[in-house]
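A quick write-up on the structure given underneath.
Start at 1 with the first residue, then count along the sequence.
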Amino acid sequence: MRIGVPKETYAGEKRVATTPEVAAKLIKLGYTVALEQGAGAAADLADDAYRAVGVEILAEASALWSSSDIVLKVRGPSHEAPDEVALLPEGGRLISFLWPAQNPTLMERLAGRRATVLAMDSVPRISRAQKADALSSMANIAGYRAIIEAAQNFGRFFTGQITAAGRVPPAKVFVIGAGVAGLAAIGAANGLGAIVRATDTRPEVGDQIKSLGAEFVPVEYQEEGTGVGGYAKVMSEGFQRAQLAMIAKQCAEADVVVTTALIPGKPAPRLITAEMVRSMQPGSVIVDLAAEQGGNCELTVPGQVVERHGVRIVGYTDLPSRMARQSSQLYATNLLRLIEELTPGKDGTMVVNMDDELVRGATVVHEGAITWPPPPPRLAAAPTGAPSAVAPPPVAPAPVAPAPVLSASLRSLLVLASGALGLIWLGSVAPPAFMAHLMVFALACFVGYMVIWNVTPALHTPLMSVTNAISSIIAIGAILQISSPGVLLTLLGGAALILTTVNMVGGFWVTQRMLGMFRRSE
């Protein structure tokens, strides 16, 4: 089959649905790939880079659409001028962001083309589908970019400084919503040195917030906020009043506020009122990531930066597109993983298996029939209620075991006394050298148990360096035994030396790799 990647026609959209690196992998799956001329230019991806991996470049969009069995896009097809839906061949296949709940007319037109359409925004939130979760990929970029835009519009450093010219206090950043975008914003703000606070309706994300170096600000109201698929749910009126009171207090103290609150299929909840904006210090910044769905701030203007009461409100709706090369790479990889699921034979033939939970969830139109919304994800069957009120048969009482003659503490004392008497007897009949070796052996067993066997497996890797010291002692002993008389002692010493060397080299290697994870690349 032939995959076509047209140039995005949405105003200001700089992303492209595939990159040269990903296109090469699609070709290895058995597909042929064609690209509209200049489709990747806005993302700094030249046509020559695509040609180098075997992608055909077509000058006309109409020729690309008509010759492609599968069309990959970022934004959904336009059904106005230019009318991309009319360019889609009868029975064609399309994969892109679509937002079916917000675009019923587009869904009807695609169904009229007898098309099969997979929406990247409808990929189910299940473990197996994480590799194709383009919403999370784009939200990650949007959260990071939100902090960059905030820094651009903020009149001070994020990090605190003490200089000869005076002291600069660190900026205070408040993040509303700790999903993928919120966590990315927290990490970026903390990396810039700001004091970060964050809140979320789901209390279980508090540990994630703290792990990124931020302070979790809970809502003083007991209500579970986790919805379907890991999203937040609509909260009760009592919770919302308590939440608004908490947000009002935090906004008055914050220099930068980042809002990420969204509920799928619903308008963005209004969390920041005009009165809250008025309470903020002049020069403060609000970055509203929900601007495209109406905004979490009452004064947000989608697509613009406005200043109200001395506060700049950033309402950009194209934050991922502002990092077009990075977002194109991540989105193209998500598409690749989905297409791998759709190509079980790795032979360049797409198979839309509606029995596959991942494919079924993403498919919104199948051969002209609208299949959205999908059925809810299959969950483990919940235990049913009591089967019946039938009384269980009487159970005969278990026989009571007789009480032990000796208590547990007394038995332990007897075992210890017996061991001590045994050692005294052994010392009276064994040579002094034997007792010295026995003492060393007992201490070695005790130390080995305490530093290795008795340590939880999660800590074994950090202990590599410590155990290398023990291994070096074993290596010295093995070297001494190699020179001992007797073939058996020489063989055992050689084997011990080889195994100890492997353990030491492997320990240093693993430790070096572990330390490399915490070392920033220069």
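Residues passing the side chain to side chain contact (heavy atoms under 4.5 Å, CB included) test with Lys131, sequence neighbours excluded: Arg337, Glu341. Phe97 pairs by the ring pair (Phe, Tyr, Trp, His ring centres under 6.0 Å) definition with Tyr331, not counting sequence neighbours. Every residue meeting the side chain to side chain donor-acceptor pair (under 3.5 Å) condition with Thr343, not counting sequence neighbours, appears here in chain and number order: Tyr31. The side chain to side chain contact (heavy atoms under 4.5 Å, CB included) test applied to Pro218 returns Phe216, Glu220, not counting sequence neighbours. Legend: residues meeting side chain to side chain contact (heavy atoms under 4.5 Å, CB included) with His79, ordered by chain and number and at least two apart, are Asp83, Val85, Thr105, Leu106, Arg109. Contacts of Ser321 classified as side chain to side chain donor-acceptor pair (under 3.5 Å), with partners at least two apart in sequence or in another chain: Glu13. Residues passing the side chain to side chain contact (heavy atoms under 4.5 Å, CB included) test with Asp44 are Arg325, sequence neighbours excluded.
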Expected list for residues 345-352: side-chain donor-acceptor pairs under 3.5 angstrom, two or more places apart:
residue	atom	partner	partner atom	Å
Lys346	NZ	Glu340	O	3.4
Asp347	OD1	Thr349	N	3.3

Throw together a table of side-chain donor-acceptor distances under 3.5 angstrom for residues 253-260, partners on residues two or more places apart or in other chains.
residue	atom	partner	partner atom	Å
Glu253	OE1	Arg197	NH1	2.8
Asp255	OD2	Lys172	N	2.9
Thr259	OG1	Asp288	OD1	3.0
Thr259	OG1	Asn296	OD1	3.2
Thr260	OG1	Ile176	O	2.9
Thr260	OG1	Gly177	O	3.1

Show me the side-chain donor-acceptor pairs of residues 49-67 shorter than 3.5 Å, one per line, residues at least two apart or across chains.
residue	atom	partner	partner atom	Å
Tyr50	OH	Thr18	O	2.7
Arg51	NH1	Asp48	OD1	2.8
Glu56	OE1	Arg2	NH1	3.2
Glu56	OE1	Arg2	NH2	2.8
Ser66	OG	Ser62	O	3.0
Ser66	OG	Ala63	O	3.2
Ser67	OG	Arg2	NE	3.4
Ser67	OG	Ala63	O	2.7
Ser67	OG	Leu64	O	3.3

Less than 3.5 Å apart, which donor and acceptor atoms pair up between the side chains of residues 141-148 and the rest of the protein, not counting sequence neighbours?
residue	atom	partner	partner atom	Å
Arg145	NE	Glu149	OE2	2.9
Arg145	NH2	Glu149	OE2	3.1

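Atom CZ of residue Arg202 and atom CD of residue Gln208 lie 8.0 Å apart, to the nearest 0.5 angstrom. One finds the CG atom of Leu98 at 6.0 Å from the CG atom of Leu110 (value rounded to the nearest 0.5 Å). Between Arg93 atom CZ and Ile70 atom CD1 the span is 6.5 Å, to the nearest 0.5 Å. For the atom pair Thr300 OG1 and Ile313 CD1, the distance stands at 5.5 Å (nearest 0.5 Å). Summarising the geometry, atom CZ belonging to Arg270 is positioned 6.5 Å from atom CD belonging to Glu298; distances are rounded to the nearest 0.5 Å.
Under a 4.0 Å N-O distance rule, the pair Asp133/Arg125 qualifies as a salt bridge.
Atom CD of Gln281 has 12 or fewer neighbouring heavy atoms from other residues, nucleotides or ligands inside a 6.0 Å radius.
Residues Asp47 and Leu35 form a side-chain contact, since some pair of their non-hydrogen atoms from C-beta on lies under 4.5 Å apart. Within the 4.5 Å cutoff, the side chain of Asn190 has no heavy atoms near those of the Leu212 side chain. Between Cys251 and Met280, the closest side-chain pair of non-hydrogen atoms falls below 4.5 Å.
Among pairs with a residue in residues 114-141, none fulfils ring pair (Phe, Tyr, Trp, His ring centres under 6.0 Å), at least two apart in sequence or across chains.
Looking at Glu84 and Ser78, their side chains never bring a donor and an acceptor atom within 3.5 Å of each other.
Asn103 contributes a side-chain N or O that, together with a main-chain N or O of Trp99, makes up a donor-acceptor pair within less than 3.5 Å.
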